**Q** 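Got a structure here, written out as structure tokens. Questions coming.
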Amino acid sequence: LLGLARERYVTGLELMRRDRHLEGQADIANRLGRIDREFGRLKDAISWLEEARLRYGEMGDQARVQQIEKDLVDLRERV
């Protein structure tokens, strides 16, 4: 089930990138990071969360940036 969700999110992210929809890109990258963390794909999860952090930062959403930074610290300690 998570694999199917991951595929759909990747497709959605491609569409959000094409349309330059920052919030959509950030939200989907965040979800992909969490899915990959559940799969144990920690390096992929880090990459997705770094992208989400960047997009949220571009939008000025510091609360989400800070939360993702905490998540990234946790993941990097596990890699």
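Note that the structure is predicted; figures quoted are calculated from it, not measured.
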**Q** Tell me whether Ile68 shares a hydrophobic cluster with Met59, the cluster being built from Ile, Leu, Val, Met, Phe, Trp, Tyr side chains joined at under 4.5 Å.
**A**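 Cluster IDs for Ile68 and Met59 match.
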**Q** Quick one: closest heavy-atom pair of Tyr9 and Leu32, and the distance?
**A**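 Looking at all heavy atoms of both residues, the shortest contact is CB-CD2, 3.6 Å.
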**Q** Output every pair passing salt bridge (Lys or Arg N to Asp or Glu O under 4.0 Å) with a member in residues 19-31, not counting sequence neighbours, ordered by first then second residue.
**A**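 Every salt bridge (Lys or Arg N to Asp or Glu O under 4.0 Å) pair that includes a residue of residues 19-31, provided the two are not neighbours, is Asp27-Arg64.
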**Q** State, to 0.1 Å, how close Ala26 and Ala52 come at their nearest heavy-atom pair, and which atoms those are.
**A**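 For Ala26 and Ala52, the tightest heavy-atom pair comes out as O-CB, 3.5 Å.
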**Q** If hydrophobic clusters are built by linking Ile, Leu, Val, Met, Phe, Trp and Tyr wherever their side-chain heavy atoms come under 4.5 Å apart, do Ile46 and Tyr56 end up in the same one?
**A**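 They do share one cluster, since a chain of ILVMFWY contacts under 4.5 Å joins Ile46 to Tyr56.
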**Q** For Glu58, what residues pass the side chain to side chain contact (heavy atoms under 4.5 Å, CB included) criterion, not counting sequence neighbours?
**A**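 Expected list: Leu22, Leu54, Arg55.
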**Q** Mind checking what makes side chain to side chain contact (heavy atoms under 4.5 Å, CB included) contact with Glu14, not counting sequence neighbours?
**A**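 Expected list: Val10.
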**Q** Going by side chain to side chain contact (heavy atoms under 4.5 Å, CB included), name the residues that satisfy it together with Arg17, two or more places apart in sequence or in a different chain.
**A**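 Side chain to side chain contact (heavy atoms under 4.5 Å, CB included) list for Arg17, sorted by chain: Leu13, Gln25, Trp48, Glu51.
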**Q** What pairs of donor and acceptor atoms, side-chain ones from residues 71-79 against any protein atom, are under 3.5 angstrom apart with sequence neighbours left out?
**A**
residue	atom	partner	partner atom	Å
Asp71	OD1	Gln67	NE2	3.2
Asp71	OD2	Arg34	NH1	3.0
Asp71	OD2	Arg34	NH2	2.7
Arg76	NH2	Glu50	OE2	2.4

**Q** Rounded to the nearest 0.5 Å, how far does CD1 of Ile35 lie from CZ of Arg41?
**A**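 Those atoms lie 10.0 Å apart.
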**Q** Do Phe39 and Asp44 touch side chain to side chain, with heavy atoms closer than 4.5 Å?
**A**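 No; the side chains remain at least 4.5 Å from each other.
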